[in-house]
Peer 1: 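The following block contains the structure, expressed as structure tokens.
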Amino acid sequence: MSQVQTGVMRGRSHRAGRAARKRRQKQESVVQSVSVCHQLQYVRLMKFLHQRGFTSTLLQPALFTDTGRGLQALKTIKPSQLLISLPQSCLLTTSTVLDSYLGQYIKSWKPRLSPLLALCAFLVCERHRGEASDWFPYIDVLPAAYTCPSYFTDDVMAVLPTSVRRRALEQRESVREIHSLNQDFFRSLQPILNQPVEDVFTYEALRWAWCSVNTRSVFMSHPSNDFLSGQDVYALAPFLDLLNHLPDVQVKASFNDVTRCYEIRSVSGTLRYQQAFINYGSHDNQRLMLEYGFVAPCNPHSVVYISTDLLIDVLRGDRSLDQKIKFLRENDFLHNLTVSSEGPSWRLMTALRLLSLPQTLYHHWRAVLLGQSVCEEREEWSIRTAKTICQRLLQDTHTALDKISLLLRQGDQSVVEQLDVVKSLRQEERCILGSCLEALGGTLKQPDDLLPRQPDVDTVS
């Protein structure tokens, strides 16, 4: 289900945006594909699934020039038609794990494991067993590595946007913690391994398993049990997880309790020989990169996030800034400050309007957060500040893209794949920032040292 896509440049104005869309439509109309259903690994996968009750006549695995691996429609799929129906026996869930040779070890372990760790441990063991594994046909088609932040090198982390770098580092660290904190449990599995446990349950093996579950599982609620701790909502879905994401596609997906199948129904349909897509949710590109390891070109949900550190840096001359930042934080107004191609978000402009007020108007701060307007001079200051923020971010984006170009010439293939994802994210954000500046009436070449000066008047509106 995870895919790696290169960024498609969008225009910086509405006219250029339409032109870019036309070019993209033209490119999409000539997307080339080649079936891979004859390859041994997919032959084995389909045999494995057919033995478990799955029959598929609508879709086949294929390689596409725009997305890489995906599923191709063999017939035209009509609106509201069932795209795929995968029997429960084909799904890999915690029930699969608890009913396996691993079950007795998990059931007796205290403290109880999380459903995620149970699935990860099973994947590591099954991959270790190779062709002896019942799930080998599925394991064999899983990616050998991923382009999620938990795989990123320090060099790749360094060229991420500041707003997402912290979350990327947290993801990498959380996987390291899962590995280090569960060493005793891993050691308890030595009797079922034919190699030393430290050679099987390596950090790299657990990272691979964690990304496999995190990027490829579908949401499926399972009843709680006495052996696992925490919400159990994961199901790995072989074949179905080859479906790629497209932001503007609509599907209906859920487990059907009557047919006992996980079903996806197409809302708009798919033409014969075209790639069939699903929608992972209304996610912006930062979230897609964090959770799935790819970026969707021309994603209508994409925004650029404004960090608190950037706000503080831009407004560092304001003597009452600390108090204002504290007030915004106490009122939960420092997160989700964004700009889009259409302009700054309401939350960002509201925060800037408050930041335009002097300390003497403290009694008006809450009213401004609730939507009270400010005087024309303060509104203009807020717009100029938004422009300055966009210019700073644009400058940072250009610098990062230059660094990425340099790293691409030096890196090995795995690092190149990681950099390609970050490059796509940066290119998409460059387009958003350029369009936002045009929406604000700004120019991309406005001198960076023309920082907004605080209005002198002591009135709100």
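In this text the structure is predicted, and so the values were computed from the model without any measurement.
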Peer 1: Would a 4.5 Å heavy-atom cut-off, applied to side chains only, mark Thr67 and Phe277 as touching?
Peer 2: yes

Peer 1: Using only atom types and a distance under 3.5 Å, with no angle test, would you say the side chain of His335 pairs donor to acceptor with the backbone of Phe333?
Peer 2: no

Peer 1: Would Asp412 and Val416 count as a side-chain contact (heavy atoms from CB on, under 4.5 Å) if you check the C-alpha gap in whole Å, the side-chain angles of each, and the deciding distance to 0.1 Å?
Peer 2: CA-CA 6 Å; Asp412 59 31; Val416 165; over 6 Å; no

Peer 1: Strictly by modelled atom types, are Thr153 and Asp155 linked by a side-chain donor-acceptor pair under 3.5 Å?
Peer 2: no

Peer 1: With no hydrogens and no angle check, is any side-chain donor or acceptor of Arg347 less than 3.5 Å from a backbone partner on Leu337?
Peer 2: no

Peer 1: With a cut-off of 6.0 Å (strictly less than), are more than 12 heavy atoms of other residues, nucleotides or ligands near CZ of Arg366?
Peer 2: no

Peer 1: Are the ring centres of Phe48 and Tyr138 closer than 6.0 Å?
Peer 2: no

Peer 1: Measuring from atom CD of Gln171 to atom CE of Met157, what distance do you get when rounded to the nearest 0.5 angstrom?
Peer 2: 7.5 Å

Peer 1: Answer yes or no: is there an ion pair linking Arg316 with Asp313, defined by an N-O contact shorter than 4.0 Å?
Peer 2: yes

Peer 1: Give me the atom names and distance for the closest heavy-atom approach of Arg392 to Val314.
Peer 2: NH1-CG2, 3.9 Å

Peer 1: Can you measure from CG (Leu243) to CG (Leu71) and round to the nearest 0.5 angstrom?
Peer 2: 4.5 Å

Peer 1: As a quick check of understanding, evaluate side-chain contact (heavy atoms from CB on, under 4.5 Å) for Phe152 and Met289, giving each step before the final call.
Peer 2: CA-CA 11 Å; Phe152 286 0; Met289 186 204 69; 4.3 Å; yes

Peer 1: How are the rings of Phe294 and Tyr280 set relative to one another: parallel (under 30°), tilted (30 to 60°) or perpendicular (over 60°)?
Peer 2: perpendicular

Peer 1: Would you check, one step at a time, whether the test ring-ring contact (aromatic ring centres under 6.0 Å, His included) holds for Tyr151 with Trp208?
Peer 2: CA-CA 9 Å; Tyr151 272 80; Trp208 168 83; 9.6 Å; no

Peer 1: Please verify the inter-ring angle class for Phe54 with Phe239; under 30° counts as parallel, over 60° as perpendicular, anything in between as tilted.
Peer 2: tilted

Peer 1: For the pair Asp140 and Arg127, find out whether any cationic side-chain nitrogen is under 4.0 Å from an anionic carboxylate oxygen.
Peer 2: no

Peer 1: So, do Pro300 and Pro247 sit near enough that their side-chain heavy atoms are less than 4.5 Å apart?
Peer 2: yes

Peer 1: Is it the case that more than 12 heavy atoms not belonging to Gln231 sit under 6.0 Å from its CD atom?
Peer 2: no

Peer 1: Test of understanding: with salt bridge (Lys or Arg N to Asp or Glu O under 4.0 Å), list the residues that count as partners of Asp232, not counting sequence neighbours.
Peer 2: none

Peer 1: Salt bridge or not for Asp154 and Arg172, using N-O below 4.0 Å?
Peer 2: yes

Peer 1: Do Leu288 and Asn299 come within less than 4.5 Å of each other through their side chains, counting heavy atoms only?
Peer 2: yes

Peer 1: If you take all heavy atoms of Leu160 and Ala168, which pair is closest and at what distance?
Peer 2: CD1-CB, 3.6 Å

Peer 1: Distance from Leu440 atom CG to Ser382 atom OG, nearest 0.5 Å?
Peer 2: 11.0 Å

Peer 1: According to the side chain to side chain donor-acceptor pair (under 3.5 Å) rule, which pairs have a member within residues 252-261, sequence neighbours left out?
Peer 2: Gln88-Arg260, Asn256-Glu263, Asp257-Arg260, Thr259-Glu263

Peer 1: May I ask you to decide if Ala296's main-chain N or O and Asn285's side chain share a donor-acceptor pair within less than 3.5 Å?
Peer 2: yes

Peer 1: Is the closest side-chain donor-acceptor distance between Gln286 and Arg167 under 3.5 Å?
Peer 2: yes

Peer 1: For a quick test of reading the model, state the closest non-hydrogen atom pair linking Pro115 to Tyr234 and the distance between them.
Peer 2: CB-CD1, 4.4 Å

Peer 1: Sub-3.5 Å donor-acceptor pair from the side chain of His301 to the main-chain atoms of His283, do we have one?
Peer 2: no

Peer 1: Could you grab the distance from atom CG of Leu437 to atom CG of Leu394, nearest 0.5 Å is fine?
Peer 2: 6.5 Å

Peer 1: Could you pull out the closest heavy-atom pair between Trp365 and Leu354, with the gap in Å?
Peer 2: O-CD1, 3.4 Å

Peer 1: Check the pair Leu407 / Val156 against side-chain contact (heavy atoms from CB on, under 4.5 Å), numbers first and verdict last.
Peer 2: CA-CA 9 Å; Leu407 290 169; Val156 176; 5.9 Å; no

Peer 1: Using only atom types and a distance under 3.5 Å, with no angle test, would you say the side chain of Arg52 pairs donor to acceptor with the backbone of Ser89?
Peer 2: yes

Peer 1: Measuring from Asn336:CG to Thr338:OG1, what's the distance to the nearest 0.5 Å?
Peer 2: 5.5 Å

Peer 1: If you define the side chain from C-beta out and look only at heavy atoms, does anything of Val304 sit under 4.5 Å from Leu393?
Peer 2: yes

Peer 1: Show your working on side-chain contact (heavy atoms from CB on, under 4.5 Å) between Ile278 and His245 and close with a plain yes or no.
Peer 2: CA-CA 5 Å; Ile278 57 173; His245 167 81; 5.7 Å; no

Peer 1: Could you check whether atom CD of Gln323 has more than 12 heavy atoms from other residues, nucleotides or ligands sitting under 6.0 Å from it?
Peer 2: yes

Peer 1: Side chains of Arg216 and Tyr146: is there a donor and an acceptor less than 3.5 Å apart?
Peer 2: no

Peer 1: Indicate yes or no for a side-chain donor-acceptor contact from Thr65 to the backbone of Gln32 under 3.5 Å, with no hydrogens or angles considered.
Peer 2: yes

Peer 1: Indicate whether the side chain of Ser33 and that of Gln72 have a donor and an acceptor atom separated by less than 3.5 Å.
Peer 2: yes

Peer 1: Using atom types as modelled and distance alone, determine if a side-chain donor or acceptor of Lys324 lies under 3.5 Å from a backbone N or O of Pro358.
Peer 2: no

Peer 1: So, does Lys75 use its side chain to make a donor-acceptor pair with the main chain of Leu58 at under 3.5 Å?
Peer 2: no

Peer 1: Any idea which heavy atoms bring Cys37 and Gln60 closest together, and the distance?
Peer 2: SG-OE1, 3.5 Å

Peer 1: Do the non-hydrogen side-chain atoms of Arg176 and Arg207 ever get within less than 4.5 Å of each other?
Peer 2: no

Peer 1: Indicate yes or no: at least one non-hydrogen side-chain atom of Arg384 is less than 4.5 angstrom from one of Glu380.
Peer 2: yes

Peer 1: If you measure only the distance, is there a donor-acceptor pair under 3.5 Å linking the side chains of Gln275 and Asn244?
Peer 2: yes

Peer 1: Do Thr96 side-chain atoms and Thr93 backbone N/O form a donor-acceptor pair below 3.5 Å?
Peer 2: yes

Peer 1: Less than 4.5 Å apart, side chain to side chain, heavy atoms only: is that true for Glu428 and Ser302?
Peer 2: no

Peer 1: Show, in sequence, the C-alpha distance, side-chain angles and deciding distance for Tyr305 and Asp284, and conclude whether the side chain to side chain donor-acceptor pair (under 3.5 Å) test is met.
Peer 2: CA-CA 10 Å; Tyr305 289 86; Asp284 61 60; 2.4 Å; yes

Peer 1: May I ask you to check whether Ser307 and Asp309 show a side-chain donor-acceptor distance below 3.5 Å?
Peer 2: no

Peer 1: Restricting to non-hydrogen atoms, name the atom on Ala205 and the atom on Val124 that form the minimum distance, rounded to 0.1 Å.
Peer 2: O-CG2, 3.6 Å

Peer 1: How about Phe219: does its CZ atom have over 12 heavy atoms from other parts shown lying under 6.0 Å from it?
Peer 2: yes

Peer 1: In Å, rounded to the nearest 0.5 Å, how long is the span from CG of Asn331 to OG1 of Thr350?
Peer 2: 12.0 Å

Peer 1: Decide yes or no for Pro344 and Cys436: does some side-chain heavy atom of the first lie under 4.5 Å from some side-chain heavy atom of the second?
Peer 2: yes

Peer 1: Give a yes or no on whether the backbone of Ser229 and the side-chain of Ser114 come within a donor-acceptor separation of less than 3.5 Å.
Peer 2: no

